[in-house]
Amino acid sequence: MDKLGRIAVLADDEIVPEPSKTLVAILRYRSDRVVAVIDRTTAGKDAATVAGFPGELGIPVVPDVRAALDAHRPDAVLLADEPVGAALQSYWRDQVRVALEAGVDVVSGLHFLISDDPELSAVARRTGAKIHDLRKPPAEKYLTPFDAEGRPVLHFRDHRPGSRTVLAVGTDCSSGKMTTMLELERALREGGTDASFLATGQVGMMISGGGVAVDGLISDFLNSTVEDVVFHATQEHDVVLVEGQGALNHPRYSAVTLGLLHGTRPDAMVLCHDLRRTGLGLLPGVALPSMRRAIEINEQAARWADPERAPRVAGLSVVTAGLDDGEARAALRRLTDETGLPATDVLRYGVDALLPAVLPGLVGSVS
């Protein structure tokens with residue numbers, strides 16, 4: 001993201017009735033780079049208003065890419081689309097083409113790879129615009145080491161002594177895993193600890209400028225790719241905070257969660273949960289496990305790859321939106337009483353409650 005400079009976020013039809021997770025995350029963590037948000041329905045408003053933030057950000061909402069180009073001269077257009085499938089809707093395709101025709105880069109987290117589209121990629125080649133498909137499998141340097149036939153394999157390499165790896169897990173999708181790791185990174189850095197957020201999804205990559213979109217990998221290569229990326233991160237940083245994906249108990253996305261657990265081989269985990277949910281967000285008829293059961297299955301699965309260290313869930317990150325302060329604090333106390341673990345809402349009350357649990361015995365910074 002830093003290399004892209006000024007960014008316009010294309011969020012058309014992704015704001016009403018509720019702003020997309022991508023838009024909210026980019027505005028929360030990278031608003032310094034955003035010069036405009038693009039949406040026909042809410043054009044003329046401030047981006048903070050449409051994202052549900054207090055006050056104003058001074059970032060205007062404009063009706064289309066052409067308006068953003070003319071008035072705000074972005075270096076890149078970032079797509080805040082979140083379809084369940086892999087399609088690129090026709091209006092968005094037209095807007096992408098406008099950006100590419102102007103020589104402006106396009107950043108996409110879709111499963112649909114814009115760089116594989118013959119027409120759009122031809123426009124980019126002609127104008128010099130770059131297409132950043134974040135779900136495109138990473139360069140081969142991340143797929144090491146290889147076996148004798150050139151396939152990446154899991155080698156159970158030890159992380160650098162003195163480093164600590166923490167993985168976010170969840171009871172559901174979109175339960176605060178990325179936000180928790182980003183807030184932990186910010187607090188640790190402010191306290192002088194060498195901490196690094198490791199993105200494993202397209203939104204986290206948009207914010208951090210690095211990482212790997214694990215749901216775009218061939219399943220046989222997921223664990224080994226995660227192992228390699230985490231291993232290299234631990235060589236450079238004292239604390240590696242790995243963004244989680246999906247949930248072990250989610251019938252659609254359990255595979256990527258298990259691959260992250262085994263590839264990361266964490267020293268500790270933070271379990272993320274949204275109190276508003278009793279069933280899975282995308283499959284509301286499927287009940288969520290209890291917090292104690294969610295802790296148990298994640299710890300059990302992590303031990304399959306690392307039985308000697310037996311990684312544990314060290315704390316709870318809980319979304320308390322919709323509750324008043326008294327109700328939220330009471331809910332957090334109940335979860336702590338139920339599980340014996342510290343619990344906090346990281347956006348509402350910060351991450352201090354989690355720090356002693358996720359960072360015991362940390363050795364000093366990398367020399």
Side-chain angles (χ1 to χ4, degrees), residues 18 20-22 24-25 80-87 108-113 133-138 154 166-182 198-207 211-227 229-230 241-266 269-291 293-302 304-305 311 313 316-319:
E18 186 173 308
S20 75
K21 180 176 74 172
T22 303
V24 171
D81 195 11
E82 296 172 0
V84 174
S108 171
L110 303 179
H111 282 291
F112 172 85
L113 299 181
D133 280 315
L134 301 183
R135 272 188 162 123
K136 196 167 188 173
L154 200 66
V166 182
L167 172 67
V169 294
T171 58
D172 196 359
C173 301
S174 300
S175 55
K177 295 181 285 291
M178 179 189 73
T179 300
T180 298
M181 294 293 101
L182 285 167
L198 179 56
T200 62
Q202 73 279 8
V203 182
M205 293 174 70
M206 291 173 180
I207 293 168
V212 56
V214 293
D215 63 2
L217 297 171
I218 296 171
S219 59
D220 278 358
F221 299 167
L222 193 160
N223 300 29
S224 56
T225 301
V226 171
E227 179 192 42
V229 175
V230 171
L241 301 160
V242 185
E243 176 190 12
Q245 299 293 330
L248 275 181
N249 51 285
H250 201 302
R252 284 185 178 173
Y253 305 118
S254 54
V256 72
T257 310
L258 187 59
L260 276 167
L261 273 167
H262 290 171
T264 299
R265 293 175 62 224
M269 294 170 280
V270 176
L271 179 64
C272 303
H273 176 65
D274 188 331
L275 284 175
R276 294 170 294 187
R277 300 179 192 170
T278 56
L280 294 175
L282 295 176
L283 298 171
V286 179
L288 295 181
S290 69
M291 293 296 282
R293 178 58 178 156
I295 292 166
E296 179 184 36
I297 62 175
N298 280 281
E299 291 182 344
Q300 196 173 60
W304 298 338
V313 171
L316 309 177
S317 176
V318 183
V319 178

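We number each residue from 1, following the sequence as shown.
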Say you draw a straight line from OG1 of Thr171 to CG of Asp274; how long is it, rounded to the nearest 0.5 Å?
-> 7.5 Å
Non-hydrogen side-chain atoms of Asn249 and Arg293 separated by less than 4.5 Å = no
Using the side chain to side chain contact (heavy atoms under 4.5 Å, CB included) rule, take Leu241 and Leu198 through it: C-alpha gap first, then chi angles, then the decisive distance, then the call.
-> CA-CA 6 Å; Leu241 301 160; Leu198 179 56; over 6 Å; no
Heavy-atom nearest pair, Leu222 first then Leu217, reads CA-CD1, 3.9 Å
Going from CG on Leu261 to CD on Glu299, what distance comes out if it is rounded to the nearest 0.5 angstrom?
-> 10.5 Å
Counting N and O atoms only, with roles assigned by atom type, does the side chain of Ser20 sit under 3.5 Å from a partner on the main chain of Ala80, one being a donor and the other an acceptor?
-> yes
Side chains of Arg265 and Pro311: closer than 4.5 Å at any heavy-atom pair?
-> no
Taking side chain as C-beta onward, heavy atoms only, is Leu134 less than 4.5 Å from Leu110?
-> no
Using atom types as modelled and distance alone, determine if a side-chain donor or acceptor of Glu243 lies under 3.5 Å from a backbone N or O of Gly201.
-> yes
Value for CG (Leu260) from CE (Met269), rounded to nearest 0.5 Å, stands at 12.0 Å
Donor-acceptor pair, side chain of Arg135 and main chain of Gly109, under 3.5 angstrom = yes
Closest heavy-atom contact between Val214 and Val256?
-> CG2-CG2, 3.3 Å
Non-hydrogen atoms of Met178 and Ala25 that approach each other most closely = CE-CB, 3.5 Å
Ser175 side, atom OG; Leu288 side, atom CG - distance, nearest 0.5 Å | 9.5 Å
Nearest atoms (heavy-atom pairs only) where Gly170 meets Ala247 | O-CB, 3.3 Å
Nearest 0.5 Å, what's the CG-SG distance between Leu282 and Cys173?
-> 5.5 Å
Does any N or O in the side chain of Lys136 come within less than 3.5 Å of the main-chain N or O of Ala213, such that one atom is a donor and the other an acceptor?
-> no
Any side-chain heavy atom of Gln245 within less than 4.5 Å of one from Tyr253?
-> no
Specify the closest pair of heavy atoms between Gly204 and Ala199, including all atoms of both residues, with the distance to one decimal.
-> C-CB, 3.3 Å
What heavy-atom pair brings Leu167 and Pro266 nearest, and what distance separates the two atoms?
-> CB-CB, 3.9 Å
Does Ile207 reach the side chain of Val203, with side-chain heavy atoms less than 4.5 Å apart?
-> yes
Do Leu316 and Val270 come close enough that some side-chain heavy atom pair is under 4.5 Å?
-> no
Nearest 0.5 Å please: distance from the OG1 atom of Thr22 over to the CD atom of Gln202.
-> 6.0 Å
Should Val318 and Leu275 count as side-chain neighbours, where that means a heavy-atom distance under 4.5 Å?
-> yes
Given side chain to side chain contact (heavy atoms under 4.5 Å, CB included), test Ser224 with His262 step by step and report yes or no.
-> CA-CA 9 Å; Ser224 56; His262 290 171; over 6 Å; no
Report yes if the side chains of Val226 and Thr200 come closer than 4.5 Å at any heavy-atom pair, otherwise no.
-> no
Residues His273, Asp172; criterion side chain to side chain contact (heavy atoms under 4.5 Å, CB included); working and verdict | CA-CA 7 Å; His273 176 65; Asp172 196 359; over 6 Å; no
